[in-house]
Amino acid sequence: MTPYDDSPAQAVHAAPRLIDGFGRAVTYLRVSVTDRCDLRCLYCMSEHMTFLPKAQVLTLEELDRLASTFVGLGVRKLRLTGGEPLVRKGFMDLVAGLSRHLRSGALDELTLTTNGTQLERYAADLARHGVRRINVSLDTLKPDLFRKLTRGGDLTRVIAGIDAALAAGIAVKINAVALKADNAAELPDLIQWAHARGCDMTLIETMPMGEVDQDRTDQYLSLQDVRRDLSSFWTLEDIHHATGGPARYVRVAETGGRLGLITPLSNHFCDTCNRVRLTCTGTLHTCLGRDDASDLRAVIRGGANDAQLREAIFAAIGSKPKGHDFQIAHPAVARHMSTTGG
Ligand code: SAM
Ligand code: SF4
């Protein structure tokens, strides 16, 4: 039997069965499929990153097995991320394989977060495999600033990728990290640009994840301040759009578009947290801001059968922490966002 078969264990329509010690149901899994990337964003990576040896990274079959086991335990939404998911060799085979859970009804959504550089090539395939929405990270519309922030990226490729996704019928949400020194003044233009294309937009505060080359306190921009600025010329209406995640949403009356504000540092969102993260090395993190970790790669490479794997997952979920404690000056956790998956 190949990992892509519809085995009964993988196709179970389960009620949420992953309930943590605080009564929260885990229904959302983010999976980092690689730590590698074709960009080197200043806030995410150092210039000369040392990437993981291939043997440490889960194979496509292992990724499928782990993700499918979570689906069998009630996970309804799967987000593939990285690093850059679209640079992982064989990535589209993984998507094609996992799409069986959409067809069976076990999964509501299969999605990804991407930097968009390879999207033009893959958008139609993603749509064909049932991907209906994606997040594309884009911090600026200025080609020179984009090149600087990503250490060499080509903005035109990202925009072509976004257009290809929209043309393929995929809804695109634009994610931008709010950076005090670099894009603060441009944020209204970026929001307008996204909304004009029918894209939702989400702003993210910089998070202290992993050592990078620059001082992050310089770049930290509170989204409460951004919201106050935007409110001086736009009408922001709070809307109820609960995702169980850290975003709070408003409707910009003037553009008609939706704007999410992810404020992990200035707000707590842990009470409704429904998500866990799997790294590309098979480590399960049940909280983005803490160093708790369960090594599921060791479990599967140690020969665990499906029941034993499920037990290991139950044990990890049972110890999901109540909340996190980020502080901007010091990395709360040593791992990079590119390893954990943003
Ligand atoms: N490469 C893909 C991309 O850029 O969309 C997926 C992985 S990337 C790590 C996921 C998200 O994390 C991106 O939107 C990126 O801007 C964000 N990110 C990376 N480092 C961050 C940090 N230190 N603080 C806040 N967001 C960060
Ligand atoms: Fe790559 Fe995404 Fe990190 Fe930028 S944010 S370096 S695109 S993984």
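Atoms within each ligand, like the ligands themselves, are counted from 1 in listed order. Note that this is a predicted model, so its numbers are computed, not measured.
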Find all atoms of ligand 1 within a distance of less than 4.0 Å from any non-hydrogen atom belonging to T81, and give their numbers and elements. 6 (C), 7 (C)

Check for me whether G83 has a heavy atom closer than 4.0 Å to any atom of ligand 2. yes

Which residues pass the side-chain contact (heavy atoms from CB on, under 4.5 Å) test with E186, not counting sequence neighbours? T140, L141, K142, L145, N183, D189

Using a strict threshold of under 4.0 Å (side-chain N to carboxylate O), is an ion pair present between D238 and R227? yes

Ligand 1 to T113 polar contact by distance, N or O atoms, under 3.5 Å: no

With sequence neighbours left out, what residues match T114 under side chain to side chain donor-acceptor pair (under 3.5 Å)? E84

A student checking ligand 1 against E84 at a 4.0 Å heavy-atom cut-off should list atoms 1 (N), 2 (C)

Show me which atoms of ligand 1 lie under 4.0 Å from any heavy atom of T206. 24 (N), 25 (C)

Check whether any N, O or S atom of C44, backbone or side chain, sits closer than 2.8 Å to atom 4 (Fe) of ligand 2. no

Given C37, S32, C44, G83, which has its nearest heavy atom closest to atom 7 (C) of ligand 1? G83

We want to know whether D200 and Y249 form a side-chain donor-acceptor pair, criterion being a heavy-atom distance below 3.5 angstrom. no

Under 4.0 Å to a heavy atom of T114 - the qualifying atoms of ligand 1, by number: 2 (C), 3 (C), 5 (O)

What atoms of ligand 1 come closer than 4.0 angstrom to any heavy atom of V177? 16 (O), 26 (N)

Filtering C41, P85, G82 for the heavy atom nearest atom 8 (S) of ligand 1 leaves G82

Side chains of H101 and S68, donor plus acceptor under 3.5 Å: yes

Checking R103 against S99: is there a side-chain donor and acceptor pair closer than 3.5 Å? yes

